Amino acid sequence: MSRLTSKSIRALTSARSASNRTIESAVRSWTRSISSTPIRAAVHRGPTLATASGIHAPKAAPSFGVAPPQCRSMFIQTETTPNDDSLKFIPGVGVMGEGTAEFLDTRSALKSPLAIRLMGIEGVKAIFYGPDFVTVSKDSENPWAVLKPEIYSILMEHFSTGLPLFRSEEDREAAGPQDTRILDTDSETVAMIKELLESRVRPAIMEDGGDIEYRGFSDEGIVEVKLKGSCRGCSSSTVTLKSGIERMLMHYIPEVKGVEQILDEEEVIALDEFAKLEERLAKNGKNKDSKMAPYMSV
């Protein structure tokens, strides 16, 4: 009996030793296979545009002691405005910081290197700078799908390289709105109008990529203003004036009897030409109807 027990113990011990050797051999083989497999370096395959300005691309391992150049990229957002021909571009960095500036032609855009480049794009007719955005207005003949890639390129190059927005500090100071600065010669009513336009109206209009400019206060109690940026020529500007600005000013200042928009000479001419065009189209439509009338009658 004792002999059988001894033989069983020796057999069990021998089996356990063989199992341990098999496991150790498998572990050594697995370890050699891992050590012999080359490890691939992680490669950054992020988007071309970063989600914020001033973001540096990940640094790769230097080769031969020379550090690779760093790439600077930014992400520019766009927002639609009530005006289909105006688009608001938000570069994620400050533009004007304080105040606004508008460029309606190439001559006025000469003060700003960025504005003159944007005005050079075919179809772009106006540029507006806000505190943290740029509003670009175009004509109705050129679609945004054609204009946006070039606008993106110019904006990204300008803001990512830190180029100045204006050619001189004098041009920068003259570009900001001077209309709502309260002067010593202003009456109490005019001072209140300017304060409301600056603190209440202007921030709301800037959200749509536009601005408002105070032009005067008549003896009849009419506040004269000028809409700028995306609000210039917008079909809903009349609603904005009457339902929003006029109602608020009349509520807080009893002396105000109404609000009217002042049009530039170019805008008056454009509106007259548009009215003449509509009149000609209406006449042509009536002539066609009169010629077809004999054939339409039963």
Side-chain angles (χ1 to χ4, degrees), residues 49 53 73-97 99-168 171-172 174-177 202 205-213 226-237 240 261 263-274 277:
L49 303 180
S53 61
S73 57
M74 62 192 307
F75 180 70
I76 298 177
Q77 296 179 330
T78 58
E79 289 184 3
T80 57
T81 69
N83 189 349
D84 293 336
D85 289 331
S86 295
L87 202 59
K88 185 177 177 182
F89 294 83
I90 306 173
V93 296
V95 180
M96 285 288 289
T100 61
E102 188 176 36
F103 309 94
L104 302 178
D105 50 38
T106 305
R107 184 176 181 180
S108 62
L110 291 173
K111 299 178 181 179
S112 172
L114 175 60
I116 195 65
R117 291 190 63 189
L118 291 173
M119 290 291 288
I121 301 175
E122 183 179 359
V124 173
K125 64 178 184 178
I127 306 297
F128 178 80
Y129 294 160
D132 58 353
F133 65 88
V134 177
T135 298
V136 179
S137 299
K138 67 174 184 66
D139 56 31
S140 57
E141 298 176 357
N142 293 272
W144 283 117
V146 177
L147 298 179
K148 282 201 297 185
E150 191 169 357
I151 296 174
Y152 278 132
S153 176
I154 292 175
L155 291 176
M156 186 170 298
E157 180 182 351
H158 179 88
F159 289 107
S160 64
T161 55
L163 295 174
L165 195 62
F166 293 89
R167 297 189 183 279
S168 65
D171 292 336
R172 166 66 177 82
R202 178 162 279 157
I205 293 182
M206 282 188 178
E207 291 183 0
D208 290 332
D211 194 14
I212 188 170
E213 180 181 340
K226 174 68 179 175
L227 294 177
K228 304 163 67 177
S230 64
C231 298
R232 180 187 294 273
C234 179
S235 59
S236 61
S237 59
T240 302
Q261 181 178 188
L263 300 177
D264 294 334
E265 183 179 356
E266 296 82 0
E267 291 177 310
V268 173
I269 295 174
L271 289 176
D272 290 342
E273 293 296 328
F274 184 74
L277 176 62

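For clarity, every value in this text was computed on a predicted model and none was experimentally measured.
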Residue pair L118, V134: steps toward the side chain to side chain contact (heavy atoms under 4.5 Å, CB included) verdict:
CA-CA 11 Å; L118 291 173; V134 177; 4.3 Å; yes
Shortest non-hydrogen contact from W144 toward D84:
NE1-O, 3.0 Å
I need the minimum non-hydrogen distance between M119 and K125, along with the two atoms involved.
CE-O, 3.8 Å
Looking at every heavy atom in both L147 and E122, which two are closest together, and how far apart are they?
CD2-O, 3.1 Å
CZ-OG1 distance between F133 and T81, expressed to the nearest 0.5 angstrom:
10.5 Å
Rounded to the nearest 0.5 Å, what separation is found between the CG atom of L110 and the CD1 atom of I116?
4.5 Å
Inter-residue atom distance R117.CZ - L155.CG, 0.5 Å rounding:
9.5 Å
Donor-acceptor under 3.5 Å (S112 side chain, A109 main chain):
no
Correct closest heavy-atom pair for P91 and D132 would be CD-O, 3.6 Å
Smallest separation among heavy atoms of K138 and P143, with atom names
CE-C, 4.3 Å
Does the plane of the ring in F166 sit parallel, tilted or perpendicular to the ring in Y129? Use 30° and 60° as the thresholds.
perpendicular
What is the distance from atom CZ of F103 to atom CD1 of I127, rounded to the nearest 0.5 Å?
9.0 Å
Say you draw a straight line from CZ of F159 to CG of L165; how long is it, rounded to the nearest 0.5 Å?
6.0 Å
Any idea which heavy atoms bring D139 and D85 closest together, and the distance?
O-OD1, 4.0 Å
Spacing of Y152 atom OH and I76 atom CD1 [to the nearest 0.5 Å]:
7.5 Å
One thing to verify: whether E79 and K88 come together as a salt bridge, which I'm taking to mean a side-chain N less than 4.0 angstrom from a carboxylate O.
yes
Would a 4.5 Å heavy-atom cut-off, applied to side chains only, mark I151 and L87 as touching?
no
Strictly distance-based, threshold 3.5 Å: is any side-chain N or O of R202 a donor or acceptor partner for the main-chain N or O of I212?
yes
